[in-house]
Amino acid sequence: MRHLMSPLDFSVEELEKLFILANEIEKDPDRFKEKCKGKKLATCFYEPSTRTRLSFEAAMINLGGSVIGFSDANSSSAAKGESVSDTIRVISCFADICAMRHPKEGAPMVAASKSSIPVINAGDGGHQHPTQTLTDLLTIRSLRGNIKNFTIGLCGDLKFGRTVHSLINALMRYPGIKFIFISPPELKVPDYITSALVDKGIEYKEVISLEEVMSELDFLYMTRVQRERFFNEEDYVRLKDFYILNKEKMALAKDDMLVLHPLPRVNEISVDVDDDPRAAYFKQVKYGVYVRMALILTLLELV
Ligand code: NCD
């Protein structure tokens, strides 16, 4: 039995198989509509979510399965003090697979260690968000044709943004990727990530100005300042509008650069960018459903 805690739990070859399956699902969804008949997905969300939870639920429903779960820790027995280890033992009796989001780093991993069904980390604190990374990689692969030889700028809250940490981890394994980290000094990417890049001899630079590097980018991955992970509101208010991508800044970019964002967006991308053909963040949401369908089928060994 396999779980998914980090994008590195799958080899590059296994990811390739997953993306091919996701593209097959995209082309002919009808072929997959009964694959999970009789199977149940439990979504255990101890932290707010719209996209990830509903994307998992839509994925299971598209496969003919059903969904149970909770979307608020206060409505679960966690409010009575139950541990995630006990909760997952109970959920294992009800469901065939579980997607778990938790504010504490490592909680889904603790659950996986006690689980008799596959557990998917749907975001653990500021740590990892592997299914968002699968979504990002499938989007890149589908819109560009491959995952190699490009420059990606990651902009915004690189300190607390778990999607950023997972994506950098995953992209390190592909050839010819250059990273440009764009953030205020307070929200720089953690040292353990830059050390890993140095160890692997991967090119990266850290800058404060988005305008300065815009013309170099093939992808721009914008992120929200993670208010819920700040220790004080003052710092959040000072940093929240540090970057706002707008039409003027888009004019500095390559004609085929693509803008990605895991969403939800707050102010960091002005709505006037939405009509730009290079804005790919709503397409990304669709790829998220296909890749979660492919993941559920793979973890349930139905392919
Ligand atoms: C992200 C998350 O939860 O980390 N959202 C998502 O799942 N698409 C990004 C965010 O909340 O900023």
Side-chain angles (χ1 to χ4, degrees), residues 4-7 22 41 43-60 69-73 98-109 119-140 152-171 181-184 187 189-190 193 219-230 235-236 239-245 259-269 279-293 295-296:
L4 180 72
M5 292 298 125
S6 140
L41 163 77
T43 52
C44 300
F45 276 60
Y46 296 86
E47 230 192 25
S49 165
T50 312
R51 239 152 320 275
T52 306
R53 185 171 58 83
L54 297 186
S55 174
F56 267 113
E57 297 190 0
M60 192 48 151
F70 55 86
S71 56
D72 173 11
C98 172
M100 179 180 285
R101 168 169 290 191
H102 204 287
K104 289 219 173 87
E105 285 82 3
M109 197 181 280
V119 177
I120 301 167
N121 176 4
D124 62 327
H127 186 218
Q128 295 274 345
H129 191 345
T131 61
Q132 182 61 47
T133 297
L134 300 184
T135 303
D136 302 337
L137 294 178
L138 177 66
T139 308
I140 292 172
I152 182 165
L154 296 109
C155 177
D157 188 345
L158 310 186
K159 180 179 180 186
F160 296 115
R162 56 193 172 196
T163 63
V164 168
H165 305 157
S166 284
L167 182 58
I168 301 170
N169 256 330
L171 282 175
F181 302 133
I182 309 149
S183 76
L187 297 179
V189 82
I193 293 187
F219 290 95
L220 172 59
Y221 194 89
M222 290 298 293
T223 62
R224 166 181 78 88
V225 175
Q226 306 278 302
R227 179 181 202 160
E228 64 278 34
R229 310 213 193 281
F230 272 69
D235 285 346
Y236 169 73
L239 294 168
K240 72 181 171 61
D241 294 326
F242 205 92
Y243 299 104
I244 299 181
L245 181 65
V259 183
L260 303 176
H261 190 308
L263 303 178
R265 142 179 72 185
V266 187
N267 277 332
E268 59 281 356
I269 303 181
Y281 31 94
F282 289 114
K283 283 188 197 153
Q284 222 174 322
V285 179
K286 284 200 175 165
Y287 287 117
V289 179
Y290 302 133
V291 90
R292 289 187 175 95
M293 289 170 74
L295 178 66
I296 291 170

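Every number for a ligand or one of its atoms is a count from 1 in the order of the listing. Predicted, not measured: the structure shown is a model, and the values here were computed from it.
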So does R229 pair up with E105, basic N to acidic O under 4.0 Å? no
Only heavy atoms of R224, strictly under 4.0 Å: list the atoms of ligand 1 that pass. 10 (C), 11 (O), 12 (O)
Is it true that a side-chain atom of H129 and a backbone atom of N121 form a donor plus acceptor pair closer than 3.5 Å? no
Where is the nearest protein heavy atom to atom 3 (O) of ligand 1: which residue, which atom, and how far? R162 NH2, 2.9 Å
Test item: side-chain donor near acceptor, D124 and Q128, under 3.5 Å: no
Evaluate the ring planes of F230 and Y236, with Trp represented by its six-membered ring, and classify them as parallel (under 30°), tilted (30 to 60°) or perpendicular (over 60°). perpendicular
May I ask you to check whether P262 has an N/O atom sitting below 3.5 Å from an N/O atom of ligand 1? yes
Per-atom contacts of ligand 1 with T52, taking only distances under 4.0 Å to non-hydrogen atoms: 6 (C), 7 (O)
What atoms in ligand 1 come closer than 4.0 Å to a heavy atom of L263? 1 (C), 5 (N), 6 (C), 8 (N), 9 (C)
Test side-chain contact (heavy atoms from CB on, under 4.5 Å) applied to R292 and I120, L134, T52, the passing residue: T52
Near M109 CE, under 6.0 Å, is it more than 12 heavy atoms from other residues, nucleotides or ligands? no
State the atoms of ligand 1, each with its element, that fall below the 4.0 Å cut-off from a heavy-atom position in R101. 3 (O), 7 (O)
Looking only at distance, does T163 have an N or O less than 3.5 Å from an N or O of ligand 1? no
So is G123 close enough to ligand 1, meaning a heavy atom under 4.0 angstrom away? no
Contact between Q226 and ligand 1, counting heavy atoms under 4.0 Å? yes
With no hydrogens and no angle check, do the side chains of R224 and H261 hold a donor and an acceptor under 3.5 Å apart? no
